[in-house]
Q: 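Once you've had a glance at the structure underneath, I'll fire off some questions.
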Protein chains: 2
Amino acid sequence: MADVAEKAGVSRALVSIIFRNQPGASEETRQRVLRVADEIGYRPDSAARLLARGRSRTLGVMFTVHQTFHTDLIEGIYAEVERLGYEVLLSGATPGRSEEKAVEALLSHRCEAVILLGSFAEPSLLEELGGRTVAVSVSRRVPHAHVDFVHTAEGKGVRQAMDHLVELGHRRIAHIDGGSGPGSAERRRAYRAAMRRHGLESEARVFPGDHTERSGIETGRLLLAERDQGNPLPTAVLAGNDRCAMGLLMTLTRAGVEVPRDVSVVGYDDSHLSHLMPIGLTTVRQDAGLMAECAVRFAVERLEKPELEPREAVLDPKLVVRGSSGPVPEPSA
Amino acid sequence: MADVAEKAGVSRALVSIIFRNQPGASEETRQRVLRVADEIGYRPDSAARLLARGRSRTLGVMFTVHQTFHTDLIEGIYAEVERLGYEVLLSGATPGRSEEKAVEALLSHRCEAVILLGSFAEPSLLEELGGRTVAVSVSRRVPHAHVDFVHTAEGKGVRQAMDHLVELGHRRIAHIDGGSGPGSAERRRAYRAAMRRHGLESEARVFPGDHTERSGIETGRLLLAERDQGNPLPTAVLAGNDRCAMGLLMTLTRAGVEVPRDVSVVGYDDSHLSHLMPIGLTTVRQDAGLMAECAVRFAVERLEKPELEPREAVLDPKLVVRGSSGPVPEPSA
DNA sequence: TACTCGTACTAGAGCGCGCTAGTAGAGCGC
DNA sequence: GCGCTCTACTAGCGCGCTCTAGTACGAGTA
């Protein structure tokens with residue numbers, strides 16, 4: 001920066017002004033300085049910039065590398081953040097890199113706020129985080145934490161899915177649980193409630209699982225094994241999310257069970273995977289773009305008015321009927 | 001930091017030493033300082049740390065948000081980077097955020113080196129980048145750029161896939177091109193060469209496309225339309241990558257074309273999607289973990305010995321035969 | 001006793017910016 | 001001529017840390 005200033009024959013301060021796009025420099029000098037900077041190959045150093053001004057205007061985003069729905073969210077986040085003149089830092093959690101580590105990385109890079117995409121972490125982590133900084137949790141509810149919360153009305157989505165299945169004549173509807181995954185508890189409760197409401201309480205069955213393909217595959221194997229021992233398959237399965245649904249779909253189809261002729265499968269998320277399966281996955285759509293927008297807006301608004309209390313945004317889910325759900329099978333002879 | 005120093009009754013410098021895990025502090029003081037820091041809630045500020053020491057020990061990773069293979073790579077990168085005592089900053093390219101922008105963000109955050117995952121960008125961007133910093137390109141070759149390069153032997157992978165198909169009796173084998181996607185040119189050339197080698201030159205057909213599901217879907221539609229006009233479908237298709245293969249698979253299956261009975265489909269990458277399809281995708285496996293490891297190692301080694309010339313790592317691909325490829329269909333009456 | 005040496009610690013410069021408080025000069029009304 | 005305002009620019013401190021060059025002191029050695 002000093003080099004640029006010298007070569008352009010101005011002070012460092014003026015170069016600074018120009019690079020911040022602030023008024024206070026003549027158009028002529030502005031052009032000259034920018035040209036010189038370009039020649040030298042100067043680029044402002046965010047670390048120093050960050051240090052010098054108190055604020056970093058940077059939002060940190062923690063996501064799970066393999067969660068396809070997160071990539072949809074990230075796309076929305078970039079768009080909205082840019083619109084508001086902030087920056088984004090991504091930090092991924094992987095099997096070998098805990099959420100805590102990912103978040104620490106963000107904080108130590110001076111993110112002013114942290115957006116957690118579908119965190120799986122201990123509630124205590126979020127509580128602590130909420131006390132320390134502005135935090136927004138997407139999908140994952142943490143009751144007493146000082147954290148903004150963006151999610152879809154899980155109950156509503158599940159209800160739509162269940163009504164759809166019941167309307168198609170299904171009674172033996174099973175649910176694969178999402179474990180500690182975001183929204184799982186609500187989905188499970190809503191599943192149970194819907195079964196009760198339709199008078200199918202005795203048919204309710206919840207399989208333990210999580211939000212990965214693996215749990216769908218495992219549940220599929222379990223169901224097949226049961227069938228081979230004479231227990232009928234459920235006629236429909238509400239999976240914990242799309243990935244889980246995909247795993248299940250694959251396992252069943254491979255074993256010769258036809259979807260939806262023999263079993264209907266419904267997912268959750270409408271990640272861009274869902275329309276990929278040959279038959280298309282019936283699923284509950286969460287609007288990733290809108291969720292991202294809300295999350296960013298919550299973070300930014302709270303940064304700019306620190307006295308604001310954390311808020312909650314509940315978006316409407318929408319059942320998308322594709323090929324993986326159909327009428328209940330004829331009772332085979 | 002000053003607060004910690006004061007409260008613990010030591011100098012700032014000593015606190016610094018302790019937080020850098022350097023020798024020069026007694027065990028007793030060390031414990032006391034760490035305890036005090038914890039009470040106050042102090043955490044070192046990377047921005048300042050970055051600024052103060054010349055080196056950031058940070059590698060920037062540019063990736064494409066929706067490219068599932070990239071998430072596999074990222075996982076490997078985190079692991080290797082941590083082992084070497086560096087940090088990672090991620091920056092995603094999306095439809096609304098160009099690669100150039102993503103890279104700029106990394107550089108301005110003082111990344112010492114940049115790893116580009118399957119860049120689609122203009123060669124000139126990479127050339128310029130290579131002149132400015134240590135850069136590693138994964139999958140995408142840029143002939144004259146001063147950039148390390150990690151990729152699999154595309155030609156070898158394609159050859160294995162083609163030999164596999166020919167062995168199964170296929171002759172009318174089409175290829176969906178990956179457009180400007182990384183490795184596409186090599187794959188296309190290898191496809192043509194293999195057709196020639198097997199004496200099938202006259203059957204060769206390359207469909208324009210890219211590395212997304214959409215191009216698979218579109219090619220699928222095109223093929224179906226041709227069939228309806230009386231032109232036979234190819235008996236096998238080598239897709240540009242897995243995502244493209246998935247799109248094709250979906251479109252064909254939906255239209256009642258059975259895979260692999262009517263058409264065999266082969267992908268490329270073996271991203272974790274591939275085993276998801278009900279029938280499993282036959283594909284050419286690239287070892288993401290190993291690629292990630294190489295890329296990180298190249299970057300770090302060149303950072304530590306700047307006189308080193310950029311290198312190239314060619315990894316062996318491996319054909320993984322799953323359910324989407326099978327013997328050539330009986331000629332239908 | 002005088003000297004090295006090693007350990008435990010400190011003073012203070014400087015990393016590359018942003019920002020506040022300032023100056024110099026041009027233009028204008030009276 | 002004076003004071004005023006406005007634009008274009010500058011001096012220099014400070015952000016929170018690292019790092020070099022030190023000091024203080026006790027133990028070991030001649």
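Proteins come first, then strands; the chains are lettered A, B, ... in the order of their sequence lines, and each starts at number 1.
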Q: What integer distance in Å separates A/I17:CD1 from C/dG18:P?
A: 10 Å
Q: For the pair made of CG in B/L14 and C1' in C/dT7, what is the distance, rounded to whole Å?
A: 12 Å
Q: Once you round it to whole Å, what is the distance between P of C/dC19 and CZ of A/R49?
A: 9 Å
Q: Mind checking if B/P44 touches a base, just sugar-phosphate, or nothing, with heavy atoms under 4.0 Å?
A: sugar-phosphate
Q: Do side-chain atoms of A/R302 reach the backbone of A/V134 as a donor and acceptor pair under 3.5 angstrom?
A: no
Q: Rounded to the nearest Å, what distance is computed from the CD1 atom of residue A/I40 to the P atom of nucleotide C/dG16?
A: 14 Å
Q: OP1 or OP2 of C/dA8 sitting under 4.0 Å from any side-chain N/O of B/S26?
A: no
Q: Measure the acute angle between the ring planes of A/F63 and B/F63, then classify it against the limits of 30° and 60° as parallel, tilted or perpendicular.
A: parallel
Q: At under 4.0 Å between heavy atoms, what does A/M1 touch on the DNA or RNA strands: base, sugar-phosphate, or nothing?
A: sugar-phosphate
Q: To the side chain of A/A25, which of D/dC9, C/dG18, D/dC17 is closest?
A: D/dC9
Q: What nucleotide among D/dA11, C/dG16, D/dC15 has an atom nearest to a side-chain atom of A/A13?
A: D/dA11
Q: Is there a donor-acceptor pair closer than 3.5 Å between any side-chain N or O of A/H211 and the backbone N or O of A/N241?
A: no
Q: By nearest atom, which of the nucleotides D/dG16, C/dT10, C/dG16 is closest to the B/D45 side chain?
A: D/dG16
Q: Taking only side-chain nitrogens and oxygens of A/R12, does any of them come within less than 4.0 Å of OP1 or OP2 of D/dG12?
A: no
Q: Between D/dG16 atom C1' and B/F19 atom CZ, what is the distance in whole Å?
A: 13 Å
Q: Within 45° of the six-membered ring axis of A/Y86 and under 6.0 Å from that ring's centre, is NZ or CZ of A/R57 located there?
A: yes
Q: Do the side chains of A/E82 and B/R97 get close enough for a salt bridge, i.e. N-O under 4.0 angstrom?
A: no
Q: Test your reading of the model: is there a side-chain donor-acceptor pair from B/R141 to the backbone of B/F149, 3.5 Å cut-off?
A: no
Q: For D/dC15 and A/R55 - does any side-chain N or O of the residue sit under 4.0 Å from the phosphate oxygens OP1/OP2?
A: no
Q: Of A/R53 and B/L51, whose closest DNA chain C nucleotide lies nearer the 5' terminus?
A: B/L51
Q: Taking CD1 from A/I18 and C1' from D/dC9, how many angstroms apart are they, rounded to a whole number?
A: 10 Å
Q: Output yes when a side-chain donor or acceptor of B/T58 lies under 3.5 Å from a complementary backbone atom of B/V88, and no otherwise.
A: no
Q: Please determine, for the side chain of A/S11, which listed nucleotide (D/dA11, C/dC19, D/dT18) has the closest atom?
A: D/dA11
Q: I need the CD-C1' distance between B/Q22 and C/dA8, as an integer number of Å.
A: 14 Å
Q: Where each pair must be Watson-Crick or G-U wobble with both distances under 3.5 Å, what dot-bracket representation of DNA chain C is obtained, with crossing pairs in [ ] and other-strand partners as |?
A: ||.|||||||||||||||||||||||||||
Q: In whole Å, I'd like the distance from the NE2 atom of B/H109 to the C1' atom of C/dC17.
A: 14 Å
Q: The criterion is side-chain hydrogen bond (donor to acceptor under 3.5 Å, both in side chains); which residues satisfy it with B/R30, sequence neighbours excluded?
A: none
Q: What are the residues of residues 27-38 of chain B, sorted by number, that bring a heavy atom to within less than 4.0 Å of DNA chain C?
A: B/T29
Q: Determine whether the side chains of A/E75 and B/H66 contain a donor N or O and an acceptor N or O closer than 3.5 Å.
A: yes
Q: Among A/E112, A/E127, A/E104, which residue meets the salt bridge (charged side-chain N to carboxylate O under 4.0 Å, His left out) test with A/R132?
A: A/E104
